Amino acid sequence: MRKKLILIDGHSILNRAFYGVPDLTNAEGIHTNALYGFLNIMFRFIDEEKPDYITVAFDLSAPTFRHKEYAAYKGTRKPMAPELKQQVPLIKELLRAMQITIVEKEGYEADDLLGTIAKKTAAKGLDVSVISGDRDLLQLAEEHIKIRIPKTKKGVTEVEDYLPADVETLYGVTPLEFIDMKALMGDTSDNIPGAPGVGPKTASALITQYHNIETIFEHLDELKPPKAKKSISENVEQVKLSKFLATIDIDVPVDYDLENAAVGGYYTPEAYELFKRFNFKSFLKRFNQEDTGITLEADRYFTCVTEFSEVEELFAQAQNKVRTDKNAVIGFAAAVEKGILYGISLAVSPEKTAYIPVSGFVTQEYLTDKLSELVQQCPSRQIAVMALKEKLDLFRNCPGDSKDTRLKVSQDKFIDTAIAAYLLNPTNQEYTYDTIAKDFCGLTLNSRAELLGKTTLAEAADTQQETLCRLLCMESYIAMAAWKPLYKALEEENMRSLFFDIEMPLVFVLYEMQAEGIRVDSAALKEYGTMLGEKIAVLEQEIYADAGETFNINSPKQLGVILFEKMGMPNGKKTKSGYSTAADILEKLAPEYPVVQKILDYRQMTKLKSTYADGLAGYIQEDGRIHGTFNQTITATGRISSTEPNLQNIPIRMELGKKIRQVFIPRDGYVFLDADYSQIELRILAHMSGDEKLIEAYNSAQDIHRTTASQVFHVPFDEVTPEQRRNAKAVNFGIVYGISSFGLSQDLSISKKQAAEYIEKYFEAYPGIKVYIDELVAFAKEHGYSLTMFNRRRPIPEIKSSNFMQRSFGERVAMNAPIQGTAADIIKLAMIEVYNRLKERGLKSRLILQVHDELLVEAHQDEVEEVKQLMTDAMKNAAKLAVVLEVDLKEGKNWLEAH
DNA sequence: TCCTTCACG
DNA sequence: ACGTACGTGAAGGAA
């Protein structure tokens with residue numbers, strides 16, 4: 001085996017990390033995002049390559065030898081952002097603590113040091129990986145020198161690897177010719193001028209033909225195209241200079257002793273202290289080296305079974321496993337896309353994880369039958385899956401019985417590890433096997449994006465069977481392996497019940513809501529769209545007439561110019577990347593300028609048409625219904641979210657918009673029953689704070705906003721003016737959102753001082769609330785997270801920030817998350833209860849939508865009274881609070897009527 | 001792809 | 001002094 005050296009382009013990676021990772025600061029207020037990102041990238045390569053040697057090269061700030069005479073070029077570079085600059089010495093400190101060699105040399109660029117060391121080391125018979133964000137280094141590629149460029153897309157780091165063949169495939173030139181190509185096309189980011197007008201295409205073609213600029217100069221007469229000929233002929237000196245600038249010096253007199261760069265222990269006590277200081281919790285795990293018993297070795301046991309007998313044997317092993325050991329958990333994963341199954345994977349033990357592709361004898365029907373059998377044979381919670389809801393179609397037995405969308409499979413056999421991971425940290429963006437492996441098993445695995453990129457499963461099943469096997473095996477294996485640490489963590493955080501009694505049962509409720517869908521009158525929807533289209537056309541012409549020209553009204557940029565420059569409207573101040581044309585700004589201008597009102601109307605109508613009328617139409621399926629998706633692992637507070645389409649933001653507030661609700665209709669012989677909680681968040685606040693006055697107000701069933709107004713403004717209940725009530729209502733909302741005088745002043749268009757007075761008076765009226773929200777903030781400050789009534793956590797790292805804005809945000813979140821989150825917990829309990837009661841009684845009515853504090857049931861006409869009773873009861877009693885949970889229920893023949 | 005705007009709770 | 005209300009998702013424009 002050849003030994004391995006990893007060479008890292010320090011500034012390049014630090015720079016990428018700085019711009020790729022959102023701003024982080026530690027308790028001292030030091031920015032740490034570049035450090036964090038750098039380490040993330042470095043660990044990734046260390047984990048993957050397990051190098052024998054490692055070295056990081058940095059530039060020193062002084063002008064470099066190669067560029068000394070041409071400092072003017074380099075001199076035009078933008079100065080480094082101070083937040084980044086302060087992290088440069090820190091990364092060096094960290095690297096030294098981790099016993100990682102740093103090279104830098106006065107007068108030389110990191111490129112030159114990397115080039116020299118790479119070439120010399122490769123010549124000694126080592127494999128070298130050069131890690132950089134910079135394509136300049138491609139010229140260094142050779143048989144044993146691989147250039148590795150990490151790219152962060154959507155938070156996932158992908159790596160582009162370049163050996164000489166890769167450079168040739170991509171650019172059509174050899175690594176050495178790459179220098180000449182660059183000399184022609186230039187590089188603005190590196191201040192290499194090149195020949196103006198010559199781009200990558202032309203440069204590549206010319207170098208392929210002539211191989212270097214010297215030969216090109218000899219053939220200036222015959223160059224094609226003429227544009228390139230002219231440009232190059234006129235800029236011979238500049239191209240020569242460019243080549244000089246682009247060439248990496250591979251013969252720098254650098255004092256580099258390979259043995260010094262041998263990997264020592266990275267995880268020294270000094271490094272531990274620094275990681276703690278910078279608050280890099282996820283990296284700290286590396287120091288404990290707690291043996292999870294989970295290793296990549298399992299990779300060796302990943303197999304792709306094809307023989308029919310092997311498939312039977314695998315299922316037999318799985319059944320045997322769950323029956324003989326009730327504590328054992330098996331992992332399951334499925335490759336499903338657009339309703340088509342390409343294969344499944346089962347992890348039966350650490351030594352046995354297999355993938356079964358759908359092919360030949362092994363049909364989708366056969367596999368789903370075997371799966372249903374496995375589930376039925378399974379005594380208890382032993383099947384671990386990620387994103388279970390997406391796989392439940394596979395567990396729906398009896399294909400002939402299609403009228404009943406209801407699952408027959410028992411619910412308590414499954415564990416969803418993605419949901420468990422979500423509960424433990426709901427702020428992650430995704431809960432895929434690779435992120436779970438990293439967070440809970442200490443394993444770094446290639447993500448799906450890294451293995452497949454944009455390849456669809458259908459394509460992969462055809463051409464990349466092995467990759468697909470590896471992918472699915474990793475998922476089922478991690479589902480199995482991660483359960484132990486996940487379960488332990490859930491226990492430690494007292495989230496067992498939240499997981500087993502709320503989130504897991506909810507998976508099945510949401511699955512059936514999605515399967516059920518909601519009926520839409522497509523003719524009425526179309527008509528609504530046409531009506532909007534006509535109104536939009538009229539408004540559009542009027543706006544153009546008023547403006548004196550045609551322009552794109554939907555472009556904030558163009559609109560800003562028209563309103564604030566051409567028409568000279570005042571207060572166009574609020575800017576960031578131009579003028580703000582948000583509704584609240586325009587509303588202030590509307591009384592004086594009639595165009596503005598038309599623009600507001602235009603906006604409203606185009607929104608309605610594009611998002612709702614046209615948007616929803618595209619989601620109506622053949623059964624005349626929309627089957628949206630409810631997401632259970634998205635929000636930081638525990639709410640569910642709705643996508644494709646979003647059925648939780650259908651218009652209701654405006655007269656024109658709410659009409660869209662008329663197109664949502666129940667199936668024939670059914671009606672809608674819509675029940676919503678009345679001010680559930682304020683009631684939760686009353687309960688959780690224990691404030692006697694607020695509890696009393698609710699228990700005497702008073703109009704809460706009026707009561708608040710009466711208390712805050714010291715007027716008798718019956719003499720509260722509408723304005724006072726409105727203000728009090730805004731204060732109530734503000735309390736739930738995490739009150740700030742600024743926010744309230746914005747909402748009510750009053751001064752900050754006045755808003756502060758309202759808040760003060762509110763706290764005088766309800767002293768228990770003040771105490772409670774102070775406690776919420778103090779708790780979050782101490783622990784770094786907040787909790788709901790049902791122990792749902794929301795991490796709030798911002799609350800310890802030294803940055804005022806971030807810290808204030810953290811404080812508001814600390815006030816809001818327990819309230820919004822508890823409301824989410826309660827309606828989830830209500831949903832499960834409604835679902836169970838409908839099912840137990842064998843009713844035809846179905847729960848079909850949830851909108852945060854509202855449940856919509858499509859109820860059979862013969863069951864209306866029973867279901868009304870059942871819904872109200874389930875919702876009211878979902879949680880026992882010090883105040884009653886009032887529920888408003890209405891019946892209707894469309895969603896507008898029912899709400 | 002990021003930003004702005006706006007629909008909902 | 002800082003410059004915001006909490007939580008979402010979709011569409012269209014700009015780059």
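Every chain is numbered from 1, with letters handed out A, B, ... down the list of sequences. Owing to the predicted nature of the structure, the values given are computational and were not obtained by experimental measurement.
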Between A/Tyr785 and A/Phe779, is the ring centroid distance below 6.0 Å?
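Yes.
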Could you check whether A/Tyr758 and A/Tyr762 have their ring centres less than 6.0 Å apart?
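No, the ring centres sit 6.0 Å or more apart.
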Among A/Leu744, A/Leu748, A/Asn732, A/Thr708, whose side-chain contact (heavy atoms from CB on, under 4.5 Å) with A/Asn727 holds?
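Between A/Asn727 and the candidates, side-chain contact (heavy atoms from CB on, under 4.5 Å) is satisfied uniquely by A/Leu748.
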Contact class for [X] vs. all strands (heavy atom < 4.0 Å): base, sugar-phosphate, or nothing?
X	answer
A/Arg794	sugar-phosphate
A/Glu854	nothing
A/Val736	nothing
A/Ser808	nothing
A/Ala823	nothing
A/Ile634	sugar-phosphate
A/Ala817	nothing
A/Ala730	base

Applying the Watson-Crick and G-U criteria (both distances under 3.5 angstrom) with [ ] for crossing and | for other-strand pairs, one obtains for DNA chain C .....|||||||||.
Measure the distance from [atom1] on [X] to [atom2] on [N] and round it to the nearest whole Å.
X	N	atom1	atom2	answer
A/Leu656	B/dC8	CG	P	11 Å
A/Leu586	B/dT5	CG	P	9 Å
A/Gln604	B/dT4	CD	P	23 Å
A/Leu600	B/dC6	CG	P	8 Å
A/Phe630	C/dG9	CZ	P	13 Å
A/Asn732	B/dG9	CG	C1'	16 Å
A/Met654	B/dA7	CE	P	7 Å
A/Glu798	C/dC2	CD	P	22 Å

When the P atoms of C/dA5 and B/dT4 are considered, how many whole Å apart are they?
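After rounding to an integer number of Å, I get 13 Å for this pair.
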Given the P atoms of B/dC3 and C/dT4, what is the spacing between them in whole Å?
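One P to the other, the span is 14 Å.
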Does a distance-only test, which skips hydrogens and angles, find a donor-acceptor pair under 3.5 Å between the side chain of A/Arg603 and the base of B/dT5?
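For A/Arg603, whose side chain was compared with the base of B/dT5, there is no donor-acceptor pair (under 3.5 Å).
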Is it the case that the base of B/dG9 and the side chain of A/Arg653 share a donor-acceptor contact (distance under 3.5 Å, atom types as modelled)?
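For A/Arg653, whose side chain was compared with the base of B/dG9, there is a donor-acceptor pair (under 3.5 Å).
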Given [options], identify the nucleotide with an atom nearest to the side chain of [X].
X	options	value
A/Thr637	B/dT5, C/dG7, B/dG9	C/dG7
A/Asn816	C/dT8, C/dA5, C/dC6	C/dC6
A/Pro651	B/dA7, B/dT5, C/dC6	B/dA7
A/Ala636	B/dG9, B/dT5, C/dT8	C/dT8

Within 45 degrees of the ring normal and closer than 6.0 Å to the centroid, is that where the cationic atom of A/Lys770 sits relative to A/Phe763?
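Yes, A/Lys770 sits over the ring of A/Phe763.
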Value rounded to 0.5 Å, distance of OG1 in A/Thr432 from CZ in A/Arg448
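Between A/Thr432 OG1 and A/Arg448 CZ, I get 10.5 Å after rounding to 0.5 Å.
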Pairwise distance CG(A/Leu855) to CD1(A/Ile848) - rounded to 0.5 angstrom
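If I round to the nearest 0.5 Å, the distance is 11.0 Å.
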Phosphate OP1/OP2 of C/dG7: any A/Arg639 side-chain N/O under 4.0 Å:
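Result: no.
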Is there a side-chain contact between A/Ser641 and the phosphate of C/dG9, meaning an N or O under 4.0 Å from OP1 or OP2?
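Answer yes for this pair, as a side-chain N or O of A/Ser641 is under 4.0 Å from OP1 or OP2.
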Are a donor atom and an acceptor atom from the side chains of A/Asn631 and A/Ser642 found within less than 3.5 Å of each other?
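Judged by distance alone, the side chains do not pair up.
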Is the closest side-chain donor-acceptor distance between A/Gln850 and A/Lys828 under 3.5 Å?
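No, because no side-chain N or O of A/Gln850 sits under 3.5 Å from a partner of the opposite role on A/Lys828.
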Do nucleotides 10-15 of chain C as a string where each nucleotide becomes B, S or -: B if the base has a protein heavy atom under 4.0 Å, S if just the sugar-phosphate does, - if no protein is that close.
SSSSSS
Can you name the residues that form a ring-ring contact (aromatic ring centres under 6.0 Å, His included) with A/Tyr612, not counting sequence neighbours?
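For A/Tyr612, no residue satisfies ring-ring contact (aromatic ring centres under 6.0 Å, His included) once neighbours in sequence are set aside.
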State, with a plain yes or no, whether a side-chain heavy atom of A/Tyr835 is found less than 4.5 Å away from one of A/Met831.
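Counting from C-beta outward, A/Tyr835 and A/Met831 never come under 4.5 Å.
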Going through the distances and angles, do A/Arg807 and A/Glu798 end up as a side-chain contact (heavy atoms from CB on, under 4.5 Å)?
CA-CA 5 Å; A/Arg807 191 171 63 249; A/Glu798 301 91 340; over 6 Å; no
